[in-house]
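What follows is a set of notes on a single structure, which appears directly below.
Below, chain A is the first sequence line, B the second, and so on; all start at residue 1.
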Protein chains: 2
Amino acid sequence: MPQLVLIVEDHPIVSESLAQLLTGSDLNIQCLHAPNAAKGLAFLNGNSFDLILLDINLPDMSGIEFCKIAKSRFPGIRILALTTIAQRHVVEKMLDQGADGFILKTSDIDDIIGGIRQVLSGKQYLGKGVKELMNGHSNDNNDLPMITKRESEILKLIADGLTNQEIADKLFISIFTVDSHRKNLLLKFSAKNTATLIKIVVSKGVIDVD
Amino acid sequence: MPQLVLIVEDHPIVSESLAQLLTGSDLNIQCLHAPNAAKGLAFLNGNSFDLILLDINLPDMSGIEFCKIAKSRFPGIRILALTTIAQRHVVEKMLDQGADGFILKTSDIDDIIGGIRQVLSGKQYLGKGVKELMNGHSNDNNDLPMITKRESEILKLIADGLTNQEIADKLFISIFTVDSHRKNLLLKFSAKNTATLIKIVVSKGVIDVD
DNA sequence: TGATAAATCACCTTTTTAGGGGATGTATAG
DNA sequence: CTATACATCCCCTAAAAAGGTGATTTATCA
């Protein structure tokens with residue numbers, strides 16, 4: 001019997017191409033497409049899939065959320081994440097949610113097929129560039145500083161326009177504490193002031209904007 | 001003789017799929033791939049292309065830049081832009097640079113092929129969703145205020161971390177003037193402070209980052 | 001156990017921004 | 001010609017941020 005693969009991907013050109021690659025291979029695979037998370041979850045309830053090829057950027061939900069839900073409902077299902085950008089924290093979150101593999105869309109076709117093969121056979125697979133990313137030996141611009149949970153929380157509030165005092169009130173902490181975190185953020189991102197800080201974190205996707 | 005198409009796209013899965021679609025169609029097309037802008041420009045110098053399928057998000061250069069360069073060197077070449085996100089200002093800039101068509105990657109395969117056909121035959125083509133976007137009947141946020149050239153200039157400097165005083169010195173105007181512009185910007189974008197202002201303009205692409 | 005990182009709190013000074021008033025000249029469009 | 005928008009300039013006050021220099025507790029890790 002063929003193995004059943006669900007492709008959750010909002011770009012028809014990509015999902016179509018993946019399906020052709022898979023059905024054209026020697027893997028004996030049958031594919032179903034879901035252009036968004038909602039349809040993807042609906043498919044999951046009606047069928048018994050062996051593998052999900054999961055895009056991280058979905059129109060209605062983040063792939064991380066989707067992964068979490070899918071794995072909780074169907075613990076046996078295998079999930080291979082596909083994404084355009086190599087962001088360390090995204091990879092970490094996906095693996096935390098139980099993803100079995102991670103491949104960049106900039107990978108070669110062979111790399112992608114190889115990854116699918118590995119994950120289908122029960123192994124974990126990190127694509128070209130992902131392993132280096134996780135080891136910190138990254139050659140591209142992933143030199144973003146690590147920030148703590150609290151810093152990230154305060155960063156979002158700063159971006160939302162709250163003053164130190166307002167943040168302090170909201171989090172039931174001293175304004176001095178908020179100020180410390182703000183200063184640490186400026187330091188970590190080598191930002192001269194709040195304006196540059198926000199420019200950096202928004203453009204690099206450190207915080208989610210609406 | 002076949003028509004020559006250059007695919008400038010950093011995702012092999014997408015460019016491969018496009019190439020298959022094109023060579024498998026009745027269009028008598030021959031494809032070359034460039035995974036980045038640099039190789040794309042190199043290809044342009046060595047061949048005589050009829051069409052460029054151009055991704056907006058390239059690793060080494062924005063598609064808008066690439067379009068500008070390509071059109072200035074080879075005015076006769078036709079350019080069809082492909083992108084993942086529908087942002088009005090991006091479409092406008094591309095068309096300003098002489099792009100002949102614009103298609104979202106979320107489009108159906110047929111829509112994409114149709115667009116390629118149209119552009120190859122000399123017409124302009126705006127894909128599904130793009131026309132609505134340009135007409136303002138869009139479901140997303142096109143309610144961005146108009147800002148003047150001077151305001152835009154000062155906005156960039158604010159985002160770069162310059163203080164009012166530094167901006168005043170740079171532009172040889174009074175700090176009062178800079179402050180007026182800053183206040184107008186806050187007003188126009190309904191921003192409580194500089195942090196939100198920058199968050200808005202960076203996320204909506206009002207200013208270019210790096 | 002000792003080191004380290006994270007989160008918390010504190011004080012002081014100076015600079016910068018925010019928010020509120022205004023005013024003037026100059027182009028441009030109706 | 002006359003609004004209107006734009007860019008320019010001015011003053012005031014209060015609030016906020018930037019910059020410096022500390023400390024304490026807690027937890028985790030080697």
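- A heavy atom closer than 4.0 Å to some atom of DNA chain D occurs in Arg182(A), Lys183(A), Leu186(A), these being the qualifying members of residues 179-188 of chain A.
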- Heavy atoms under 4.0 Å is the rule here; annotate nucleotides 23-30 of chain D 5' to 3' with B where the base is hit, S where only the sugar-phosphate is, and - elsewhere. --------
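- For Lys188(B), the side-chain hydrogen bond (donor to acceptor under 3.5 Å, both in side chains) test picks out Glu151(B), with sequence neighbours left out.
- Atom-to-atom distance recorded for His181(B):NE2 and Leu186(B):CG is 13.0 Å, nearest 0.5 angstrom.
- The line from CZ of Phe43(A) to CD1 of Ile52(A) is 12.0 Å long, rounded to the nearest 0.5 Å.
- Under the rule for a salt bridge (charged side-chain N to carboxylate O under 4.0 Å, His left out), Arg182(B) has no partner lying at least two apart in sequence or in another chain.
- Judged purely by atom type and a 3.5 angstrom limit, Arg78(B) uses its side chain to pair as donor or acceptor with the backbone of Gly122(B).
- Atom OG1 of Thr163(B) is separated from atom CG of Asn193(A) by 8.0 Å, given to the nearest 0.5 angstrom.
- Within residues 147-156 of chain A, the residues approached by DNA chain C to less than 4.0 Å at the level of any non-hydrogen atom are Thr148(A), Lys149(A), Arg150(A), in residue-number order.
- A heavy-atom distance below 4.5 Å is found between the side chains of Leu58(A) and Val8(A).
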Donor-acceptor contacts, no H, no angles, side chain residues 26-35 of chain A, under 3.5 Å, sequence neighbours left out:
| from | atom 1 | to | atom 2 | distance (Å) |
| --- | --- | --- | --- | --- |
| Asp26(A) | OD1 | Arg117(A) | NH1 | 3.3 |
| Asp26(A) | OD1 | Arg117(A) | NH2 | 3.3 |
| His33(A) | ND1 | Ser15(A) | OG | 3.4 |

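- For the pair Val5(A) and Leu22(A), the minimum side-chain heavy-atom distance is below 4.5 Å.
- A heavy atom lying under 4.0 Å from DNA chain C marks the following residues of residues 163-175 of chain A, by number: Ile173(A), Ser174(A).
- Note that CG of Leu54(B) and CG of Leu51(B) are 10.0 Å apart. Values are rounded to the nearest 0.5 Å.
- Between Leu82(B) and Leu18(B) there is a side-chain heavy-atom pair separated by less than 4.5 Å.
- Scanning DNA chain C 5' to 3' for nucleotides with an atom closer than 4.0 angstrom to a non-hydrogen atom of chain B gives a first and last hit of dT16(C) to dG20(C).
- Residue pairs satisfying the salt bridge (Lys or Arg N to Asp or Glu O under 4.0 Å) criterion with at least one member in residues 42-58 of chain B, sequence neighbours excluded, are listed as follows: Asp55(B)-Lys105(B).
- Residues forming a side-chain hydrogen bond (donor to acceptor under 3.5 Å, both in side chains) with Gln165(B) (at least two apart in sequence, or on another chain): Asp169(B).
- Evaluation of the side-chain hydrogen bond (donor to acceptor under 3.5 Å, both in side chains) rule for Thr106(A) yields no partner, not counting sequence neighbours.
- Atom CG of Leu171(B) is separated from atom CD1 of Ile154(B) by 6.0 Å, given to the nearest 0.5 angstrom.
- Atom P of nucleotide dA18(D) and atom CD1 of Ile198(A) are separated by 10 Å, given to the nearest angstrom.
- Each end of the helix from dT1(C)-dA30(D) to dG30(C)-dC1(D) gets its own axis from five base pairs, and the two axes differ in direction by 60°, given to 10 degrees.
- Going from atom CG of Asn193(B) over to atom C1' of dA15(D) covers 12 Å, rounded to whole Å.
- A distance of 14.5 Å separates NZ in Lys71(B) from CD1 in Ile69(B), rounded to the nearest 0.5 Å.
- Listed for the Asp108(B) side chain is no donor-acceptor partner under 3.5 Å among the backbone atoms of Asp111(B).
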